Structures are given as structure tokens and as C-alpha cells.
Engineer: 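I'd like to ask some things about the structure below.
Values reported hereafter were calculated over all heavy atoms of this structure, with side chains retained and with hydrogens, waters and symmetry mates removed. Chain identifiers are assigned alphabetically (A, B, ...) following the order of the sequence lines, protein sequences preceding nucleic acid strands; residue numbering begins at 1 within each chain. Not measured: the values here are computed from a predicted model.
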Amino acid sequence: MKELPKVIYAWDNKYKVFLLYRNKKKERKIHVVKDFHWYFAVTKEDYEKIPKELLTKYANWSVVRNVDKTEDGYVKILCNRWSKTIYGFLEELKRYGVKPLEADMSLSKRYLIDNEIKIDENLKIGYFDIETDDRNGGIEIGRDRILSWAIVGDDGIEYYKSMEDEKQLLEKFAEAADIFDVIVGWNSLNFDMPYILKRMELHNIDASKLQKVMHVDFMMRLVKLFAPIMSILGLSGFSLNEVSKVFLKREKVQHEEKIYEMYENNKELLKEYNINDCKLVKELNDQMKTLFLMIKECAWTGSFLNKFYVGELLDNYILRDSKQHGHYLPTKPTVEEEAQNRLHKITGGYVKDPITGFYNNMRVFDFKSLYPTIIIGYNIGIDTLNRKIAVQARLDFKEWLGDRKIEKVDFDEWLNFLLEQKKKHDPEDKHYQTAINQYFVKDTKSIISSLVENLLEQRKEYKKRLDTLEEGTTEFANARAMQEVVKELANSMFGITADASSRYYDPLISESITITGQFWNRLSAKLFEGLGHKVLYADTDSIFTAIDDDAIMPELHKKMNVMLNDEVKKIFSLSLEKDLIDLEYEKKYEKLMLLDKKRYIGRLVWSNGKNVRLLHSRGTENVKKDTIKYTRKVFLEMIELILGGYACQEALDYVKKQRKEFFELETPIAEDFTIVKRLSKPMTDYKTFSRHVRLAKTLLKENKIVETKKMKVNWGERIYFIVTDAIDTNGQCLIENFKGKIDKDYYWRIQIFSPMRRILKVVYPDIDWDKYEDNARYEQSSLFT
DNA sequence: GCGGACTGCTTACCT
DNA sequence: ACAGGTAAGCAGTCCGCG
């Protein structure tokens with residue numbers, strides 16, 4: 001193969017690389033590469049540290065095959081990756097102070113990067129689903145036989161099989177799947193795929209028959225995209241039925257009978273049901289273009305669909321770029337190194353102690369792309385950090401900070417410390433100094449900063465292009481997709497420098513980013529206050545200040561940006577032609593109750609340049625899923641009344657009224673008082689047993705719920721319960737066992753009044769709200785009023 | 001034996 | 001299997017107490 005075609009998918013088998021591609025006739029073909037050798041790299045300086053005997057020893061053990069010194073600055077050590085001794089070799093090298101580079105790579109990943117192989121975007125997609133014998137009840141992967149399968153192509157062609165002979169059924173599935181580049185299912189990573197593989201194993205069918213087909217679990221992607229905004233979408237869960245209802249206004253095919261009964265008595269309905277599930281997933285994708293976007297991201301970064309994780313995408317993207325520049329990156333940490341990395345806690349964003357209160361005309365400013373901006377501005381990267389300065393500079397910073405937390409340190413003291421340190425460590429001004437007193441060279445651009453810069457630049461371009469294109473056209477969809485792609489990648493760059501399992505992990509780097517973010521935020525607070533605007537709250541990249549006059553806002557916004565850019569450039573001697581920092585004026589609340597860190601609620605009237613009028617809340621009870629329905633209703637009602645201008649006395653009367661109504665409630669409805677809590681881990685991992693865990697224990701024994709898996713993506717079951725006696729640790733019942741008894745005192749104190757009181761205390765601080773908590777105490781005190 | 005102070009666990013949220 | 005920061009509620013423990 002002279003001109004390498006775009007590749008659909010690639011894998012390796014010890015010493016061979018398999019490249020799947022489409023020929024001129026659009027047929028799927030495999031190209032096998034037999035003469036590509038695995039290697040890792042070390043720098044030339046590191047190579048000198050390796051004793052010759054060590055290399056000879058491992059060469060004699062057939063671990064080291066060859067040494068390639070042809071590249072600038074690096075030596076490639078060609079090895080037999082499948083020798084177990086390789087790990088001993090790498091460890092031994094580390095003992096000599098040698099850092100093996102990119103020694104974690106698979107053979108195929110290495111090949112794709114070295115040969116700059118492009119990824120094909122024209123993938124043939126099949127949506128698949130299986131049905132299994134459900135007579136035994138409960139779900140256990142591979143326990144019962146598969147009754148049928150269906151695949152629906154993106155061209156709409158349907159494939160379906162159902163037969164007695166399961167072995168043949170599975171063979172047919174492998175055959176049918178093989179014409180697709182990728183098969184897409186719903187929760188298929190945890191159900192369909194492992195089920196099929198288990199049953200294939202049972203029938204001694206070679207699993208490699210499915211090797212050539214990538215697999216995507218569509219549910220997992222949607223969970224990632226929509227889990228944070230479920231309530232906005234009106235989405236209560238991620239069953240296929242629920243998601244279809246919300247996005248497609250359609251439901252799954254209804255059936256009264258069990259799957260097995262359909263298989264026995266109503267084969268047509270089973271077929272319809274099975275195929276329909278595939279179609280639903282297809283229609284979801286047709287509507288949202290999710291796979292289209294994922295495929296774009298893969299082609300852009302040089303990754304494959306079945307390894308679609310931000311970390312993996314970025315890794316490929318960075319590795320390819322650095323290879324082009326003739327650089328090799330660190331090896332991913334071993335399990336032990338990763339555990340070691342985790343022990344070190346990295347400081348994150350700045351959260352100001354809020355000045356709580358009920359405010360008029362609260363304005364929110366927001367740093368656009370805060371962390372990407374910092375990466376670019378200070379040329380941050382592993383390749384630009386001056387390690388010679390780093391050690392002493394770190395010690396100086398630690399000594400100065402002492403046991404204080406950085407957010408508690410006086411801002412001017414911090415500023416002065418940094419200015420002094422700059423003189424000490426970098427008198428010739430050859431570096432950018434970050435707010436954690438680390439120094440990044442100015443003269444060569446770091447890999448990640450140029451990538452992030454490129455990504456942000458691209459994003460601007462796509463946004464510009466979007467304005468010129470017509471909505472609904474393919475070009476528009478393309479541009480928007482790419483805009484999303486570059487945004488996600490730029491924003492994730494920080495994440496991988498703080499990820500203990502990543503080759504880019506480095507606390508000096510990630511804290512250079514986060515703590516400089518803290519510094520910028522506090523600097524902007526200082527500037528706001530210099531202009532007479534008191535900052536009331538701030539979280540990471542946002543600043544809250546109350547300003548009555550709308551007319552001054554455009555001017556203030558402009559002024560703040562000029563000042564911020566000037567100050568930052570001056571303090572850190574950033575030699576930037578254009579202004580990097582973009583502090584946007586983002587929101588206006590006509591009224592806002594600022595309750596606590598990460599908790600506020602108010603009337604939003606202006607957002608991102610548009611007039612709006614809606615209740616907007618963060619972290620308050622109405623947004624939390626474990627709030628009971630009754631509280632949600634009363635709480636929101638009270639908020640509306642307060643926003644509507646309730647006076648103190650009116651609020652007091654309202655609380656009294658609510659209290660009375662609640663205690664006079666004769667037959668509480670279960671629905672109103674159900675507490676919902678989710679399990680987060682396997683039962684054996686629990687150290688304490690709260691009410692929902694106690695209930696779950698029994699449910700688990702009775703096989704009514706399934707054990708929570710350790711994987712992060714797989715949420716545990718939700719437990720719906722009611723507290724009947726708060727004193728008793730077993731004073732709770734499941735919603736289905738509700739007999740009409742609730743612990744009224746508990747519900748009033750904890751579930752209903754407590755959230756209300758948090759608001760009332762802030763809005764009407766002069767009243768002693770505590771006495772309305774305890775029923776008995778209230779009765780007593782009311783005797784005297 | 002019981003209650004208050006305290007610690008750490010758990011869940012769910014915010015940026 | 002990209003991060004840290006935080007509130008609230010409560011389980012569990014320790015301690016004092018003639």
C-alpha cells in the first residue's frame with residue numbers, strides 16, 4: 001500500500017497491525033502490517049545514563065531488539081512488547097533516573113501515530129438490540145438464551161432473526177453485524193454486548209468474529225450529554241422509553257406479555273418490538289446527530305468510536321501533534337504511580353465566602369474559557385515548565401503560604417510575594433510566572449498551549465462561519481458540530497493535567513492553572529471594588545456584584561476588561577499582542593437571594609444578551625432530586641411570594657399557615673412525602689447505614705433490586721421511602737409498604753421547615769425563625785403571644 | 001445511660 | 001475511564017458525669 005487510505009478501525013495481535021479500510025468498490029478490506037516494531041523512546045541525555053550491560057542483558061533475554069538513534073534528541077528502543085520482562089526493564093531504567101517515554105502504547109496506536117494515518121468519517125452504522133428469555137425473572141448476563149436479534153442500518157434496511165437454534169442465531173448475528181463498521185445499541189455495553197459474548201462463548205463461537213465491528217453504547221453518550229440538564233429537559237431517567245418520549249414524542253411498542261410469551265405465541269409482535277427498539281435509537285441519532293459529531297471528533301483527533309473518552313481523544317490529538325514536532329511524551333503512570341498521584345490533592349477553583357442577603361439588580365460577570373485562556377497566556381505545558389527553578393520556587397511558595405489556605409490570604413500580600421519572587425527567580429524575564437510561583441519559558445511555545453490556542457481559534461472561525469450559513473443545511477450542521485468539538489477539547493485540556501491516570505498529570509501544571517484562575521478572580525474583585533462595586537460572591541470563573549444603574553453596564557464591562565488585561569499583563573509580564581482575557585457580563589437578576597456558597601435563587605431578567613423573566617436557582621432544595629414533593633411545592637410558593645414583595649409579617653403569617661396546614665393533614669399522601677435516594681456503590685462498600693441503604697439491603701436479599709456496579713457510569717438503584725419514626729434507625733418504609741403514617745415532627749423540622757428557614761433567615765434576618773422549627777416549643781411560646 | 005460535641009460518610013449539587 | 005469545592009443530613013464514636 002503506497003498511498004495509505006483512510007482507516008475505519010485498527011487493532012493488533014501481538015506483532016501484527018490490522019487496518020480496516022474500504023477499497024475503491026466500497027468493500028471492507030483488511031490490510032495486515034507485519035514488519036512494524038514496537039518501541040519506546042528516551043531522551044539522548046537519558047540514554048547516556050543507561051549502562052551498556054543493562055541493554056546487553058535485556059537484549060540477551062530478547063526484550064531489547066534494537067536501538068535507533070536516528071531521531072533528533074531521542075533514542076528509540078525497539079522491544080518485544082509481549083515479553084513480561086519488559087516491565088522489569090522499564091522499572092530498572094527508572095532506577096537509573098531514565099524516563100521511558102510513550103512506553104504504554106499499543107502497537108496499533110503507535111503505528112497510526114507514526115504513519116499519520118487518517119480516520120475514515122464515512123462509517124456504515126447499524127442499530128442493534130437483542131431479546132432474551134425472561135421466564136426466570138431478574139437480569140443476569142448470559143444466564144438464559146437469546147431469542148432474537150435485530151439490526152437496522154442507517155439506510156433503514158432491517159435485519160431480524162429469531163430461531164430455536166441459538167448457536168445458529170448467534171452465527172447469523174456475527175455475519176449480519178460484519179457488514180457494518182459500527183453497531184450501536186441502548187445500554188448495550190452493560191447488556192447486549194456482554195450477553196452476546198457470553199452466549200457465544202457457551203456455544204464455542206469464536207468471539208473474534210465481531211472483531212471488525214466497533215461498538216457504541218448510545219445511552220452512555222446521552223447520559224454524558226444530558227445527565228446534568230435532566231430536569232430542564234423533563235427527563236426522569238435514561239430508559240429508552242423515557243428518552244424516546246421526551247425527544248421523539250414516541251414510546252416503545254406496548255406489550256402485556258413477557259418476551260418469552262411473545263416468542264411462543266406472537267412472533268410478529270416480538271419482531272416488531274425488537275426492531276422498533278433499534279429504530280428508536282436510530283431516530284434519536286437522526287434527530288440529534290450525536291454519532292455524526294462523535295465521528296467528526298474521532299477523525300479530528302485520530303481516535304476510534306469504540307474508545308470515545310475525552311481523555312483518549314485528547315491523548316491521540318496531542319500525541320500526533322507532538323510526534324510531528326519530533327517530541328515524545330511521558331509514559332502513562334503505572335497502577336502504583338497512579339495511586340501515588342491520587343494521594344496529592346490538587347487545589348481547585350476559588351469560592352468566595354458570600355455576603356448573604358436579598359439583593360436587587362445582581363449582576364454576574366463570567367470569565368470566558370478561563371482555564372484555556374490561562375494555558376495560552378502563560379504558555380503552560382510540561383515541555384515549558386522550568387524544572388530548575390521549580391523546586392526552589394515551590395519551596396518558597398510553600399514557606400510563604402504556611403498552613404494558610406490560598407483563598408484566605410490577603411490579595412495584596414499575595415501580589416507582593418509574587419512580584420518579589422519574580423525578581424529572585426527570573427530577573428532576566430525569560431519566563432511567565434504563574435500565581436503559584438512556577439515559571440514557564442517564553443521562547444518556545446508549549447505543545448498544549450499551541451493546541452488550545454488552535455482550538456479556540458478554530459472555534460471562533462466556526463462561529464463566524466455559522467453566521468453566514470443557513471440553519472438546516474449540512475454545512476451549518478457541520479460547522480456547529482465542529483464548533484462543539486473544539487470547545488469540548490479545549491475545555492478538557494486542564495482536566496488531563498489533573499487526572500492521576502494520565503500521562504499529562506502534573507500538580508505543578510494543574511495548580512498553575514487553577515490558582516492563577518483564583519488570582520484572576522480576586523484581582524477582578526479588587527478592580528470592581530476600586531470602582532465602587534462591592535463583590536458579593538464568586539465561584540471559580542464568576543463574579544457577583546449588585547449594580548442598580550443599567551446604563552453604566554456597557555461602559556463598566558468595557559472598562560473592566562481593559563483594566564484586567566492591563567493589570568494581568570503588567571503583573572505577570574505577559575507579552576501578548578492582543579487581549580486574552582474576556583470577562584463577560586452574563587446575567588442580571590432583578591432580585592436574588594444569596595444564601596450560601598453554591599446556593600442562590602432569584603428572578604433572572606437578562607441572560608447572555610437576551611431579556612428573559614424566569615426563576616433561576618442553584619443548589620437550592622427545588623433543584624435537588626432528594627427533596628420531597630411537598631417541600632418543593634411549598635418552597636417555590638414561598639419564593640414567589642418573597643420575590644413578589646412579601647413583607648416580614650406576611651412571611652411570618654405564611655409560615656404559621658403552612659405549619660398549621662401540615663400538622664392538620666390527616667391522611668398524608670405517600671407521593672408527597674417520598675424521599676428518593678440513590679445507591680452509589682456495592683453494599684459491601686458501605687461504612688455507615690443510612691435509611692435508604694438499610695432498605696436496599698433487604699431489597700437486595702429479596703432480589704428486587706440489582707447490586708450497584710463499581711463503574712462510575714452505572715448508577716445505583718433509586719430507593720423510594722418514607723420516614724415513619726425518626727428516632728428509630730429502622731423507622732422507615734418503602735413507598736409500596738406505606739400505611740399512612742409519617743413522622744410529622746421529623747418531616748416538618750428537617751424536610752419542610754429547614755429549607756424554608758434558610759431562605760427566611762437571609763431575607764428577614766431580624767426574626768427568630770428557630771422557634772417555628774420545633775412544634776412543642778412553638779406551642780409553648782405561642783401561649784405568651 | 002444519655003446527650004452534646006465531634007468526625008467522617010453519603011448524596012447531591014456548582015463551576 | 002477529565003477536575004476540585006461545598007452544603008446538608010446523619011451514623012457512629014467519644015467523653016463526661018461524684
Engineer: What is the separation between atom OH on A:Y746 and atom P on C:dG9, rounded to the nearest whole Å?
Structural biologist: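 In whole Å, C:dG9 P lies 9 Å from A:Y746 OH.
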Engineer: In whole angstrom, what separates A:I406's CD1 from C:dG5's P?
Structural biologist: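 After rounding, the reported distance stands at 13 Å.
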Engineer: How many Å lie between OH on A:Y371 and P on C:dG4, as a whole number?
Structural biologist: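 In whole Å, C:dG4 P and A:Y371 OH are 11 Å from each other.
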Engineer: Which nucleotide in the set B:dC9, C:dG12, C:dC2 lies at the smallest distance from any side-chain heavy atom of A:K687?
Structural biologist: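 Of the options given, the side chain of A:K687 lies nearest B:dC9.
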Engineer: Any residue in residues 535-542 of chain A with a heavy atom nearer than 4.0 angstrom to DNA chain B? Just list them by number, or reply none.
Structural biologist: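 When residues 535-542 of chain A is checked for heavy atoms under 4.0 Å from DNA chain B, the hits, listed by number, are A:D539, A:T540, A:D541.
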Engineer: Base, sugar-phosphate or nothing for A:G495? Non-hydrogen atoms, less than 4.0 Å.
Structural biologist: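 Base: the residue A:G495, judged by heavy atoms under 4.0 Å, touches a nucleobase.
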Engineer: Pick the closest DNA chain C nucleotide for A:A498 and for A:K597 by heavy atoms, then say which residue is nearer the 5' end.
Structural biologist: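 Between the two, 5'-proximity favours A:A498.
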Engineer: Counting the atoms with a prime plus P, OP1 and OP2 as sugar-phosphate, which does A:T347 contact under 4.0 Å by heavy atoms, base, sugar-phosphate, or nothing?
Structural biologist: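 It contacts sugar-phosphate atoms only.
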Engineer: Nearest of C:dG9, B:dT15, C:dC2 to any side-chain atom of A:Y600?
Structural biologist: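 My answer, after comparing the listed nucleotides, is B:dT15.
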Engineer: Within the structure shown, what part of the strands sits under 4.0 Å from A:K681 by heavy-atom distance: base, sugar-phosphate, or nothing?
Structural biologist: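 If one applies the 4.0 Å heavy-atom cut-off, A:K681 turns out to touch the sugar-phosphate alone, with no base involved.
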Engineer: Does A:Y686 reach a base, just sugar-phosphate, or nothing at all? Heavy atoms under 4.0 Å.
Structural biologist: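 Sugar-phosphate, no base atom in range.
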Engineer: Does A:R503 make a side-chain N or O approach to OP1 or OP2 of C:dC2 shorter than 4.0 Å?
Structural biologist: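 No, A:R503 has no side-chain N/O under 4.0 Å of OP1/OP2 on C:dC2.
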Engineer: Expressed in angstrom and rounded to an integer, what is the separation of A:D104 atom CG from C:dA1 atom C1'?
Structural biologist: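 Interatomic distance, CG of A:D104 to C1' of C:dA1: 14 Å.
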Engineer: Does A:D315 come within less than 4.0 Å of A:K109, counting only side-chain N to carboxylate O?
Structural biologist: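 Judged by the 4.0 Å cut-off on N to carboxylate O distance, A:D315 and A:K109 do form a salt bridge.
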Engineer: Quick one: label A:I496 by what it contacts on the DNA or RNA (base, sugar-phosphate, nothing), any heavy atom closer than 4.0 Å.
Structural biologist: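 No contact.
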Engineer: What's the NZ-P distance between A:K345 and C:dG4, to the nearest Å?
Structural biologist: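 Taking NZ of A:K345 and P of C:dG4, I get 6 Å after rounding.
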Engineer: Using OP1 and OP2 only, check whether a side-chain N or O of A:R758 sits under 4.0 Å from C:dA8.
Structural biologist: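 It does, given that an N or O in the side chain of A:R758 lies less than 4.0 Å from OP1 or OP2 of C:dA8.
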Engineer: Regarding A:N316 and A:S303, do their side chains bring together a donor and an acceptor under 3.5 Å, going by distance alone?
Structural biologist: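 A:S303 and A:N316 do have a side-chain donor-acceptor pair below 3.5 Å.
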Engineer: Measure from the side chain of A:R691, starting at C-beta and using heavy atoms only, and say which of C:dA11, B:dT11, B:dC13 lies closest.
Structural biologist: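 Nearest nucleotide to the side chain: C:dA11.
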Engineer: Classify the nucleic acid contact of A:S502 as base, sugar-phosphate or nothing, counting any heavy atom under 4.0 Å across all strands shown.
Structural biologist: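 It contacts nothing in the nucleic acid.
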Engineer: Would you mind classifying the nucleic acid contact of A:Y350 as base, sugar-phosphate or nothing, using non-hydrogen atoms under 4.0 angstrom?
Structural biologist: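 No contact.
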Engineer: Identify whether any heavy atom of A:L314 sits under 4.0 Å from a base atom; if not, whether one sits that close to sugar-phosphate; answer base, sugar-phosphate or nothing.
Structural biologist: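 The answer is nothing, as A:L314 stays clear of every strand by at least 4.0 Å.
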Engineer: Ring-plane angle category for A:F519 and A:W414, please: parallel below 30°, perpendicular beyond 60°, tilted otherwise.
Structural biologist: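 Rings of A:F519 and A:W414: perpendicular, as their planes differ by over 60°.
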Engineer: Do any side-chain nitrogens or oxygens of A:R678 fall under 4.0 Å of OP1 or OP2 in B:dT10?
Structural biologist: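 A:R678 to B:dT10 OP1/OP2: no side-chain N or O under 4.0 Å.
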Engineer: Determine yes or no for a side-chain-to-main-chain donor-acceptor pair under 3.5 angstrom, with A:T724 supplying the side chain and A:G731 the backbone.
Structural biologist: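 Yes, A:T724 side chain to A:G731 backbone: donor-acceptor pair under 3.5 Å.
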Engineer: In this structure, how many angstroms lie between the C1' atom of B:dT15 and the NZ atom of A:K598, rounded?
Structural biologist: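 Distance check: A:K598 NZ to B:dT15 C1' gives 6 Å.
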Engineer: Please tell me if A:R599 has a side-chain N or O lying less than 4.0 Å from either OP1 or OP2 of C:dT6.
Structural biologist: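 Result: no.
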Engineer: If you assign A:E338 and A:V351 each to the DNA chain C nucleotide with the nearest heavy atom, which residue ends up on the more 5' nucleotide?
Structural biologist: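 Its nucleotide being nearer the 5' end, the pick is A:E338.
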Engineer: Do side-chain atoms of A:D104 reach the backbone of A:T331 as a donor and acceptor pair under 3.5 angstrom?
Structural biologist: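 The answer is no, because no donor-acceptor pair under 3.5 Å joins these two groups.
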Engineer: Output the rounded distance in Å from CD1 (A:I752) to C1' (C:dG9).
Structural biologist: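 Distance check: A:I752 CD1 to C:dG9 C1' gives 16 Å.
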Engineer: To the side chain of A:Y309, which of C:dA1, C:dA11, B:dC13 is closest?
Structural biologist: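 Given the options C:dA1, C:dA11, B:dC13, the side chain of A:Y309 is closest to C:dA1.
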Engineer: Expressed in angstrom and rounded to an integer, what is the separation of A:E586 atom CD from B:dT15 atom C1'?
Structural biologist: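 Value for this atom pair: 11 Å.
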Engineer: Between A:D353 and A:K408, is there a salt bridge with N-O shorter than 4.0 Å?
Structural biologist: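 Yes, charged N to carboxylate O under 4.0 Å.
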Engineer: Of the candidate nucleotides B:dA12, B:dT10, C:dC2, which contains the atom at the shortest distance from the side chain of A:K677?
Structural biologist: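 In terms of side-chain proximity for A:K677, the closest of B:dA12, B:dT10, C:dC2 is B:dA12.
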Engineer: Using 4.0 Å as the upper bound for N to carboxylate O, is an ion pair formed by A:R110 and A:E102?
Structural biologist: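 Looking at A:R110 together with A:E102, the answer is yes, because their closest N to O distance falls below 4.0 Å.
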Engineer: Using a cut-off of 6.0 Å, state whether more than 12 heavy atoms not belonging to A:K368 lie near its atom NZ.
Structural biologist: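 Yes - once you tally the heavy atoms of other residues, nucleotides and ligands closer than 6.0 Å, there are more than 12.
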Engineer: Looking at A:I447, is its backbone amide N or carbonyl O close enough to the side chain of A:D321 to form a donor-acceptor pair, meaning the two atoms are under 3.5 Å apart?
Structural biologist: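 Not confirmed, A:D321 side chain does not pair with A:I447 backbone.
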Engineer: Which of these nucleotides, B:dT11, B:dC13, C:dA8, is closest to any side-chain atom of A:K625?
Structural biologist: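 The answer is B:dC13, which lies nearest to the side chain.
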Engineer: C:dG9, C:dG12, C:dG4: which one has an atom nearest the side-chain heavy atoms of A:T688?
Structural biologist: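 Output: C:dG12.
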